[in-house]
Chemist: 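Take this structure first; my questions come after.
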Amino acid sequence: MNKNINQILISLSKSKFRSGFHLNNSMKSYVKDKGIAKIKNDAFEIINKRLKPAFPKNDGKQTPMRQVHPVFISQHACACCCRGCLEKWYKIPKGRELTDEEISFIVSVIVKWIEKEENV
Ligand SMILES: [Zn+2]
C-alpha cells in the first residue's frame with residue numbers, strides 16, 4: 001500500500017480528471033456546520049459500507065458524482081471511489097476485504113483533501 005498522503009495528493013493534483021473535483025460553496029458550509037469530526041465519521045461509514053467488502057455492490061459505480069455529500073466528492077478527487085481506483089492508485093488489491101488500517105488511511109486522505117478545500 002502507498003501510504004504517503006502528501007505524495008498521493010501531489011500525484012492526484014497532476015491528474016486532470018481528479019483535480020477537476022471541488023467542493024461547491026454549499027458543500028463547504030455543510031462541512032463548517034457539521035464539523036470535521038462528523039465528516040470523518042461519515043467517511044468511515046461510507047467506506048465501510050461501499051468499499052470494504054471484497055466485492056462491493058456496483059463496484060466502479062458506487063460513488064455518486066453529484067454534489068450529495070462532500071465525502072463522495074473527495075472520494076473522486078482522491079481516487080478512493082471504487083476498488084479499481086484503490087488498486088490503481090494505492091496498490092490495495094481488489095477481491096478481498098479492506099483491513100482496518102487501510103480504511104483509516106483512506107479516511108485520512110479523504111478528510112485531508114476536504115480540509116484543504118475548506119482553506120482555499
Ligand atoms: Zn473509481
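Please read all numbers here as calculations on a predicted model, not as lab measurements. First listed ligand is number 1; within each ligand, the first listed atom is number 1.
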Chemist: So does S13 get a backbone contact from the side chain of R18, meaning a donor-acceptor N/O pair under 3.5 Å?
Modeler: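 Answer holds: no.
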Chemist: How far apart are the closest heavy atoms of E87 and K94, and which atoms are they?
Modeler: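 Where E87 meets K94 most closely, the heavy atoms are OE2-N, 2.9 Å.
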Chemist: At distances under 2.8 Å, what protein N, O or S atoms surround the Zn ion (ligand 1)?
Modeler: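 Under 2.8 Å from the Zn ion (ligand 1) - ignoring waters, which are not counted - the protein N, O or S atoms are C81 SG, C82 SG, C85 SG.
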Chemist: Can you check whether N25's main-chain N or O pairs, donor with acceptor, with S29's side chain at less than 3.5 Å?
Modeler: yes
Chemist: Spell out, yes or no, whether F55 and I92 are grouped together once hydrophobic residues are joined by side-chain heavy atoms under 4.5 Å, including indirect joins.
Modeler: no
Chemist: Under the criterion ring pair (Phe, Tyr, Trp, His ring centres under 6.0 Å), I'd like the reasoning laid out for F17 against H76: C-alpha separation, chi angles, the key distance, then a yes or no.
Modeler: CA-CA 9 Å; F17 177 69; H76 287 296; 7.3 Å; no
Chemist: To the nearest 0.5 Å, what is the distance between OG (S74) and CE (M27)?
Modeler: 12.5 Å
